[in-house]
Structures are given as structure tokens and as C-alpha cells.
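What follows is a single structure, written as C-alpha cells, with notes after it.
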Number of protein chains: 2
Amino acid sequence: MVEQPSKRPRRGRTPAATGRTSRPRQAEVARLAGVSQATVSLVLSDKAQGSAISDETRQRVLDAARSLGYVPDPAAQRLAAVRNNLLGVYSFTATFPTDVEHSYYPFLVGVEREAAARGYDLVLFTGSSSGGAGAAGPEALNRVRLADGCLFLGRHVPSAELKRMVADGFPVVHLGRREELEGLSWVGADYVSASSEVVRHLASLGHRRIVLIREDDDAPASTDRQQGFLAGLEAAGLAGGPDAVFRSADPGRDVTPDRLRRWIAEGVTAFVAEETDTGNAWRAVHAAAAEAGLTCPGDLSLALLGSPPPDLAGAAEPTGFDVPRHQLGAAAVRMLASLVAGETADEPLVACAFRPGATTGSPPER
Amino acid sequence: MVEQPSKRPRRGRTPAATGRTSRPRQAEVARLAGVSQATVSLVLSDKAQGSAISDETRQRVLDAARSLGYVPDPAAQRLAAVRNNLLGVYSFTATFPTDVEHSYYPFLVGVEREAAARGYDLVLFTGSSSGGAGAAGPEALNRVRLADGCLFLGRHVPSAELKRMVADGFPVVHLGRREELEGLSWVGADYVSASSEVVRHLASLGHRRIVLIREDDDAPASTDRQQGFLAGLEAAGLAGGPDAVFRSADPGRDVTPDRLRRWIAEGVTAFVAEETDTGNAWRAVHAAAAEAGLTCPGDLSLALLGSPPPDLAGAAEPTGFDVPRHQLGAAAVRMLASLVAGETADEPLVACAFRPGATTGSPPER
DNA sequence: TCGCTCCACTAATACGTATAAGTAATGCGC
DNA sequence: GCGCATTACTTATACGTATTAGTGGAGCGA
């Protein structure tokens, strides 16, 4: 057989590109093994599906591939197969998570672990890059199509773009409840049940009047907690109503020791704070109680719908629940993998674990 | 013209894939605009290069593209053109930088800013994923080929793989000096000059005996500083030799107040600590001086070859230099962009800025 | 020995884009 | 009115892999 003319100095435009040896492709492996490129693909993709490849040939191909150091081109794989075993993770914070490190990182741990377990590699995209040529517009988001599917983190994910990807059939999973977007898959923590359970716990300790302290934010995570809180009150036969929820844009300013004493005078014996990025609600009740000279499990009970902010991590463990961030990340990957495989998504809610903690007890005798 | 049979329900293997509308490609845009696919590509890639496309046609194509919401497929772009305006960033720490957050993040800020300015988007790869199917081997690194080129961060970058990519002509830049690998491009801080300058400063203040405290690590960043330190001594006509460098695996244990007093008794008036991930060298001298009851600019001078660790950021500003991390990140991107464009790399060293600080002064009178 | 099924492959084609090469149509000098 | 650019495109092909649809035997029953 005559040596093929190897007609491919086409890329030889730029000086550097000229010399590109370029690594071997399947065609080279095939030549070395004396088979066709298709056979190489079949052997390497290891589709046991009616393989119909003799062991001897298979071995020859594998040896050839190894000796040439063949590695597949992920771009070509994606193009040809719509699959390259890469999962994208899109975070809308600039570059790497830093401020939000404490809230995002645990998710990513779960994401990575589960992805690895399922044989996927991760590719991370970031949402900034606004200013460049390829940036800003729809194109910025578009690069996630390099992967088989993509996970989205963060609150500021543009609906329009997501909708578009969903419509295109590109597998997408949002980490966090996101129901307003028809057809979008998501996984989230079951804040409703968990919050409700915290209230049940308080009620079982004998508390009759409980107040929820929350920030002025309408994120699903906040409204879910409030809903669960109110449901818990109702289930325990306690009074709900507007008085049961204290909403403030700046709890640190509004939840004063005075305000606390007033509540207590009104018969409130337990306070429940939501967890947010800032941890302000919890910090505020915590500080107000200390400042008012009230001891925690004795004079009043406190519960936290989530985990304390880092600066309060050293204090007594709050009664409440733990958001299973690792599991959430893992669940998101599982769901994404299902979508990529063409299966339908399953249960999106992950349960939070109740944390007894040390900040609740029976209400004081009056 | 008869409607093309649209022969592409090939992907319809998996249930989900069956319904993939898939977004429009250039072919669709072309049909709508009444031109060929090639024309669409020419218009959209906007190669002013002898474009030879009438304004009217151009506009028709652009309108068609917009109305269909066309966005290019990055995988296809890379495959066809070896360019997709994506730059990869490979970090060898698991998922997102966390421990190393303080040392890596500033680099990334510069990287991202410069990339955006040059019209590149970033794709981030992480080095873990060990355990999955597509992981571990050469293939894990291989996915960076989705991008036009890749930046590598971290000390544990496998040489073999890097060598391979360099040999293949894949544009690669290592962030940090890396000379042992022939042909590998890198950018790094000029620790040698900067360290030398710190010594010159001390010498000009009158110090005659200066000791460098360093950790037991042979990273280029460490050896560079030592080299600059020694060069600085020599330039100032001061004694170098083994006594001038104190090397310890655990400075916190070995640099005691006693040891410090001994040095001073021997005539040493200034100490220079290297900066490392841990900041241990600086923390050790700092603590030892305080414990020995020595006041800093008065009884002895201290200098730091870099920035203090976060926990000491509040103390008096150390004399020394600032590693221009943003600029390093930006320089790395510039170099990578050059390589991608087929140009040759330019100056890899970035100067560090001398920081006068408040921890050095004239040596005490004896 | 014909027809049939397996077996072990190969040929052909598709994925979506970029680009070199080619081709009408027009303009222009002479 | 001919050659020759130039303009404005189109055609054809390549990128590297996956996959479907063959294809040429071998084996086997009748």
C-alpha cells in the first residue's frame, strides 16, 4: 500500500500551527494495527453490545493504541456522539467561589465525588467574563455545550438562557429549587419538612408561642422555610398569623434586646431564625439574647433553620437541621446523569437531617 | 426546492435524545437567508480578511442568525478550526481552590480579567476526579484540548503529560517557573531580583549581617528567593556562606527566642523570611521576636519576601515585596494567547514591587 | 451445493464549522 | 470585444470520532 499523502498541512497557517505533530488519531492506530478506523472506535469504546470483535484483533488494537499513546479528542467525541463523559458546572459568581465559599464549596465536594463515581469528569464554567468578545451574550452560556450536560449553581441564572437549553434538549440541572421554569430539572433541600420538624420539636417541648426571624429576601430557600414553619405551627395546633413571622431587611438593627424582651413579655418562648448567606438573622437573635442577659436554653429557646455562619460556629450547637450539601451535590449529579442517559429525572428533594443541638429546652415556668 | 428530508433522527436512540430539537446550525441560518452555509460562516466569523461579502448579504445573514437565535457549537468550532476562543485553566487541587484559596485566587482574578479583555472565555478543569472511568490516566488531562490552549496552576503538574502536550503543539503555559521541561512556556515572578533588592535595602540601612529563614522545600519559588538573597549579599559586599541561610522543616519549632538572641549576639541585625503557602517562616520569626521581647524596627529588622499569611495581615506592614499576582495571571494569559496565535512567547518574568513597610530600620547601636 | 445464519470486520456517513479552491458575474483598460 | 482583475459567492473538503449499514467468508442443516 502506498503511503497516504497525508494531505493535512492545512492548518499550517500560523507558524506555530505549522509544526503541530498533533497526537495520533484513531486512523493512525488503525493503520498500525492493520484494521479500519471503525474497528478502532469499536474496540476503544468497548461497547460490549454485540461486540463481534475477535479477542486477537481487540488486543492488537489496544496494543497499538497504547504504543502510540492514543487519547481521544473530546471535541470530536462530543460532536460525533453527543457524549464525551464531561459534565459542566456553571457558577455565576465571578471566577472561583470565594465569598460564597462556605455555601458553595460543600456542594461541589458532593458534585465531584459523585461525578467521579459515575465516570464523569467535570468542566467548570464561570459566569463573569463580561467584557470580552465572546462574552456577555448568549454565547457565554453556550460554551457549556462542550459537555454532555450542565449543572447550574447560584441565584442569578438567567431564565431565558436556561429555558433555551431546556428547549433544545440540552441536559440541565439547577442546584436549588426552581419551579417557575417549566421543564427545568432541579434538586433542592426539603426545607419545608425540615422547618416543620423543628417547630414540632419546639412544640413537643411545650412551647406555645414561637416566632420566626427572617430576612427580607424572597429566595425559594427563604419562602420554603417560612412555609414549613407555618405548617409546623398549624400541625401543632399553634397560632400562625402575621405575628408569628418577623421579617426584617436588617435583623441586626431591628432585633434588639428590647424587642426580644417585649416578645417574651407577650408570651413568646422560642425563636427560630432562618439561615442565609449572611447568617444575619441568627446572629441578630443570638446577640440580642446575650445582650439582654437571657440564657439560652433556660430563659428562651432558639433554633436555626440551617447551619450557623462561620463566626458563630464556635458557640453552642444550635437546634435545627443540617442542609445536606454533599448529598445535594451528589443528587444533582445523579439527576444530570439520568438526563444525559435519556432517563427521566427522579425525586428532586433531599431531606435535611434534624440536629437536636443545645439551644432548646422546655419553656421557663411562669 | 423540495424540503430536504432532514435525515437526522440518528441520535434518536435514547428516549430523551429522540426529541432533541437541537438548536439551529449554520445550515438553517443559510437556508433562511438564502445563502450557502459557507457564507454564513464567513459572515459570522467576521474575518475582515478580504471578506468580500456584500453588506446586504451580510445583513440578511445576521438577521437570520438573530431571528433563529443561532449560537455556534464550540465543539465543532474547535474541531474545524483549532480555535474556539476558550482558554482552559487547569488546577491540580481538587475542585475549587480552598486551602490554597489565598494564594491562588488573586492569580485567577488576573487571569480572568485579561482573558475577558482579549475576548476569551475560560473553562476550568480540576485535577481530582480520580476514581471515575474517564479519570486517572492521561485522559483526565486530555480534556483540556477542548480549549484553544491551557494554563496550568500548581506544583504537582505531571511532567510527562505536560511534555506530551507541548510536543503535540498544544499551547500550554505554566503559572510558575518551570524550566526543567524543555519547551514548556511559563510565567513567574522575578523573586531573584526582588529578594536581592530587599537585601540591598537592608544593607543601605546599615545592616552587615543578615540571615534568611526558609522552609525545607525545594520549590523554585524558594530557591529563587535564596538565590536572590545571596546575590544581594554579594552585591552589597556582605558575607554569604552557609551561615547566612537558616533552613528548617519546622521554623515554628526551630526559630526560638533563644535562637534569635544567639543570632543577635553573633552580630546579626536583620532577618529575612521567605513566603510560603503556610507562612511558617515569617510567623516563626515574628513570634520569636515578640516572645524574646524584642521590638521590631528598634532591636532588629525583619523583612518578608512576599506577603504575610492572613492571620498576620493585621500586624505592622512587613518590609519586603508584593508578588504581583494579578499581573502574573494576566501575563500568563497574554503568553497563552500569543502561543495560540502562533506567535512566540515573550518575557516570562514579572517584576515584584518593593514594599518599604515598617519592620526595618537602622541596626541598633552597639 | 444452495440457502441461511453468524461472525468479524469495513465502508460510508454524520456531527457542525472553517476554509481553500473554484466559479459566475461585473468592471475596466485598451 | 478580449483579457484580466475583482467581487461575491458556492462547492468541496477537512477536522476526529461514532455508528449504521453493509460485505465477504465460514459453518451448517437439508
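Only a predicted model underlies this, so the values are computations on that prediction, with no experimental measurement involved. Naming convention: chains lettered A, B, ... in sequence-line order (proteins, then strands); numbering from 1 in each chain. Side chains are part of it too, since the values below use all heavy atoms of this structure and drop only hydrogens, waters and symmetry mates.
Across all strands, B/Thr39 comes closer than 4.0 Å to base atoms (heavy-atom distances). When heavy atoms are screened at a 4.0 angstrom cut-off, B/Val40 is found touching no nucleic acid atom at all. In this structure, B/Ser36 reaches the bases: a heavy-atom distance under 4.0 Å links it to at least one base atom across the strands shown.
With sequence neighbours left out, A/Glu56 forms a salt bridge (charged side-chain N to carboxylate O under 4.0 Å, His left out) with A/Arg60. Scored by the salt bridge (charged side-chain N to carboxylate O under 4.0 Å, His left out) test, B/Glu182 finds no partners at all (sequence neighbours excluded). Residues forming a salt bridge (charged side-chain N to carboxylate O under 4.0 Å, His left out) with B/Arg145 (at least two apart in sequence, or on another chain): B/Asp168. When the salt bridge (charged side-chain N to carboxylate O under 4.0 Å, His left out) test is applied to B/Asp346, no partner is found at least two apart in sequence or on another chain.
In the helix from C/dT1-D/dA30 to C/dC30-D/dG1, the terminal helix axes, each the rotation mapping four pairs' C1' atoms onto the next four within five end pairs, subtend 60°, rounded to 10°.
Here C/dT17 is the nucleotide among C/dT17, D/dT17, C/dA12 with the atom lying nearest to any side-chain atom of B/Asp73. For B/Leu79, whose side chain is taken as the heavy atoms from C-beta onward, the closest listed nucleotide among D/dA8, D/dC15, C/dC9 is D/dC15.
Inspection of the B/Asp63 and B/Gln59 side chains reveals an N or O donor paired with an N or O acceptor under 3.5 Å.
For C/dA18, the base has a donor-acceptor partner in the side chain of B/Gln37 [N/O atoms by modelled type, under 3.5 angstrom].
Between B/Thr57 and D/dC9 there is a side-chain N or O to OP1 or OP2 distance below 4.0 Å. The phosphate of C/dA18 (OP1 or OP2) has a side-chain N or O of B/Gln26 nearer than 4.0 angstrom.
Pairs engaging residues 32-44 of chain A under the salt bridge (charged side-chain N to carboxylate O under 4.0 Å, His left out) rule: none recorded [sequence neighbours left out].
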